[in-house]
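Okay, structure first, notes after.
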Amino acid sequence: MTPRVDTEVGPLRTVVLHRPGPELQRLTPRNADRLLFDGIPWVERAQLEHDRFAATLRSHGVEVLLLTDLLVEALHDDAARTAGIDDAVDERVLGRELGAAVRGQLAGLGPAELADALTGGLTFRELGDGENSLVRRMHGADDFAVDPLPNLMFTRDSSMRVGERVVAAVMGMPARRREASLVALAHAGRPALGGVAHTDPRDPSPVEGGDVLLLAPGVLAIGVGERTSPAGAESFARAMFADGLAHTVLAVPITQRRATMHLDTVATMVDVDAMVVFPDVLDGLEAWTITPGLHISGPEPFRPAAARAMGIDELRALDTGPAGVAAEREQWDDGNNTLALAPGLVVAYERNTTTNERMRDAGIEVVTIEGFELGSGRGGPRCLSCPWERDLPS
Ligand SMILES: NC(=[NH2+])NCCC[C@H](N)C(=O)O
């Protein structure tokens, strides 16, 4: 039977994570902004935190698939190798001659080394000796000939599973564009896992997984803001309806700024009828309701619209603490970005003490992990995980 994911909170069986690797080693104060990091992580420590996160999931009976393992396996296949290399080598940056040389260099690598190069990138210093190229001479030795993908560990954003379907995202930010094709490639090597289908390969409108919340079977919320555009939400809704994967899609406007880059930075589901929400947005959150045939109504307040679509009386909102500085600090540190292991059981960063306490007061069981280095890219347990299989909540 093909694994499936229908909700945010059904008992989690299998998840895809990416253990941060050589790509994090590339971050410097000069490139961090462009590569979407707010700090320079201590890499070994980030890996340790990630290993502990994976161990926490395993101790709750969750099978953990690591993206690098899938990718290396996929890169045994010639077509996959060519696709990965084609996507990584940008002739607009390298020019024709050097582009060909870099292709040749990558083609000579074994699957594991190629996976390292595709995720960690290549600097001009790391290119083999070769032709007398203006491009080579005019670039600094530490400039990137192939960009690294330091955000790859946020596996939630680059692909998502809705029902049986795995959808490769269309990434909104140039720094993350290649992640989605790399992830698609990694999964394509494992057809047993269900395969990947793009919403529509001709459609470039962005939709990132951090914006897509499976509120209940057949009911999706899509944040529209910095990463997902109205056109992306519309085409995603159309694709979901066409394949019978949703009966209602709620498009939820969120402020276009760094702190609220995805819907899951301000709200995540913690139980079948409850979310943890950043108090500053709680009252203002609205939704456009879209149903098959692209019938659109709204906007109206989000929670009643969501409850109606979900067929429940009320969608409970637990907040991050009283609006103000404390809540703002914890929202920035991904206090609202929880990963549910089952209804009423979530993984959260330890540091967000107020939010965690409030969730516990409301009867939610909170398992904490450290996230001091992992969080420097602005992502919490939900962003760091792409559920591959969940049971339906009972
Ligand atoms: N689903 C999420 N909230 N993901 C967080 C992604 C963080 C990443 N550095 C970015 O800016 O893209």
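Indexing begins at 1, ligand by ligand and atom by atom, following the structure's order.
- Each of the following atoms of ligand 1 lies closer than 4.0 Å to a heavy atom of Arg176: 6 (C), 8 (C), 10 (C), 12 (O).
- Counting the atoms of ligand 1 from 1 in the order shown, those under 4.0 Å from a heavy atom of Phe154 are 6 (C), 7 (C), 8 (C), 9 (N).
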Sequence neighbours left out, cut at 3.5 Å: what donor-acceptor pairs do the side chains of residues 272-286 make with other protein atoms?
{"residue": "Asp273", "atom": "OD1", "partner": "Arg316", "partner atom": "NH2", "Å": "3.2"}

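- By the 30° and 60° cut-offs, the orientation of the rings of Phe37 relative to Phe154 is tilted.
- Contacts between Asp264 and ligand 1 below 4.0 angstrom, taking non-hydrogen atoms only, involve the side chain exclusively.
- At a heavy-atom cutoff of 4.0 Å, ligand 1 is contacted by no atom of Glu226, backbone or side chain.
- Looking at Thr268 and Thr338, their side chains do bring a donor and an acceptor atom within 3.5 Å of each other.
- For atom 10 (C) of ligand 1, the nearest non-hydrogen atom from the set Met173, Arg227, Arg378 belongs to Arg227.
- Atoms of ligand 1 found under 4.0 Å from any heavy atom of His262 (numbered from 1 in listed order, with element): 1 (N), 2 (C), 3 (N), 4 (N), 5 (C).
- Closest to atom 2 (C) of ligand 1 by heavy atom, among Gly210, Pro150, Cys383, Gly380, is Cys383.
- Scanning the protein heavy atoms around atom 4 (N) of ligand 1, the nearest turns out to be Asp157 OD2, 2.8 Å.
- A donor-acceptor pair under 3.5 Å links the side-chain atoms of Thr260 to the main chain of Thr255, judged by distance alone.
- Salt bridge Arg378/Asp38: present, at least one basic N to carboxylate O contact under 4.0 Å.
- Atoms of ligand 1 lying under 4.0 Å from any heavy atom of Met261, numbered from 1 in the order shown and given with element: 5 (C), 6 (C), 7 (C), 10 (C), 11 (O).
- Asp243 and Arg165 are joined by a salt bridge, as a carboxylate oxygen and a charged side-chain nitrogen come within less than 4.0 angstrom of each other.
- Between Leu213 and Asp264, the closest side-chain pair of non-hydrogen atoms falls below 4.5 Å.
- In this structure, Arg13 is not positioned above the aromatic face of Trp388 in the sense of NZ or CZ being under 6.0 Å from the six-membered ring centre and within 45° of the axis.
- For ligand 1 and Gly377, the ligand atoms under 4.0 Å from any heavy atom of the residue are 7 (C), 8 (C), 9 (N).
- Each of the atoms 8 (C), 9 (N), 10 (C) of ligand 1 lies under 4.0 Å from some heavy atom of Asn151.
- Of all atoms in ligand 1, listed by their number and element, those nearer than 4.0 Å to a heavy atom of Thr265 are 3 (N).
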